[in-house]
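I have a structure here, written as structure tokens, and I will follow up with some questions on it.
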Amino acid sequence: MNTDLSWVLNDVLEVRGARHAVLVSGDGLLLQRSDDISRDDAETNAAAMSSMQSLSRAVAGFVGAGHGIWKQTLLEYDGGWIFLIAAGQGAYLAVSAALDVDMEAMSFRMQKTVAALSKAMSVAPRSDNGVGA
């Protein structure tokens with residue numbers, strides 16, 4: 001399997017206003033980072049994004065009984081936004097963006113990218129179960 005996932009991040013960074021992107025494992029490990037963020041900053045943010053998705057899932061029931069399935073976390077700051085979504089089994093995609101980012105375009109691009117990522121990371125089951133003839 002190809003472990004270079006830079007194409008995933010390059011695609012979401014094409015949205016006007018996008019700044020940085022990280023692909024994060026559920027336990028906070030950095031899986032991939034965009035070129036414009038240092039490894040140290042990306043690793044720090046990867047750990048934080050893992051915690052943020054966990055916190056978001058923990059409070060999902062606050063929206064109402066039976067409606068508490070986490071989809072996306074959106075954080076607003078003085079200087080911009082952070083978008084965080086699930087990116088397959090045990091992985092998350094986080095993107096930082098400027099205040100004037102087209103939020104609908106960013107969310108759509110992230111969803112499209114995550115769909116492509118899940119296809120790229122899936123492995124077809126072996127038909128011979130590993131048993132040679």
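What you see is a predicted model; the values in this text were computed from it and never measured.
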Exercise. Verify side chain to side chain donor-acceptor pair (under 3.5 Å) between Asp27 and Ser25, making sure each step is shown before the conclusion.
Key: CA-CA 5 Å; Asp27 57 357; Ser25 70; 2.3 Å; yes
Practice problem: Please answer: with hydrophobic residues joined when any side-chain heavy atoms are less than 4.5 Å apart, are Val101 and Val95 in the same cluster? | Solution: yes
Quiz prompt | Any Val24 side-chain heavy atom under 4.5 Å of Leu29 side chain | solution = no
Quiz item: CG of Asp35: more than 12 outside heavy atoms within 6.0 angstrom?
Solution: no
Practice problem: Starting from the C-alpha separation in whole Å, work towards a yes-or-no answer on side-chain contact (heavy atoms from CB on, under 4.5 Å) for Leu55 and Thr73. | Solution: CA-CA 10 Å; Leu55 179 61; Thr73 299; over 6 Å; no
Exercise. Give the minimum heavy-atom separation between Met106 and Ala97, together with the two atoms involved.
Key: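 Minimum heavy-atom separation between Met106 and Ala97: CE-CB, 4.5 Å.
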Practice problem: Nearest 0.5 Å please: distance from the NZ atom of Lys71 over to the OG atom of Ser107. | Solution: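 Going from the NZ atom of Lys71 to the OG atom of Ser107 covers 13.0 Å.
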Quiz item: How long is the span from the OG atom in Ser54 to the CH2 atom in Trp70, to the nearest 0.5 Å?
Solution: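 Ser54 OG to Trp70 CH2: 10.0 Å, rounded to 0.5 Å.
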Quiz item: Salt bridge check: are Asp11 and Arg109 linked by an N-O gap of less than 4.0 Å?
Solution: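 Counted as a salt bridge, because a side-chain N and a carboxylate O are separated by less than 4.0 Å.
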Quiz item: Would you call Leu74 and Met103 a side-chain contact if the rule is heavy atoms closer than 4.5 Å?
Solution: yes
Quiz item: Below 4.5 Å, heavy atoms only, C-beta onward: do Asp41 and His20 meet side chain to side chain?
Solution: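 No, side chains not in contact.
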Please tabulate, for side-chain N and O atoms in residues 75-92, each donor-acceptor pair with protein atoms closer than 3.5 Å (sequence neighbours left out).
residue : atom : partner : partner atom : Å
Trp81   : NE1  : Leu99   : O            : 3.3
Tyr92   : OH   : Gln53   : OE1          : 3.2
Tyr92   : OH   : Arg57   : NH2          : 3.3

Practice problem: Quick one: pull up CG in Leu9 and CD in Gln32 and give me the separation to the nearest 0.5 Å. | Solution: 5.5 Å
Quiz prompt | Considering all heavy atoms, the nearest Ser50-Gly26 contact | solution =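 Heavy atoms only, the tightest pair is OG-O, 2.6 Å.
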Quiz item: Got a sec, which residues hit side-chain contact (heavy atoms from CB on, under 4.5 Å) with Arg33, two or more places apart in sequence or on another chain?
Solution: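 Once residues adjacent in sequence are excluded, the partners of Arg33 under the side-chain contact (heavy atoms from CB on, under 4.5 Å) criterion are Val22, Leu30, Ile37, Arg39, Ala42.
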Quiz item: Are Asp36 and Ser34 linked by a side-chain donor-acceptor pair shorter than 3.5 Å?
Solution: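 Side chains of Asp36 and Ser34: pair found under 3.5 Å.
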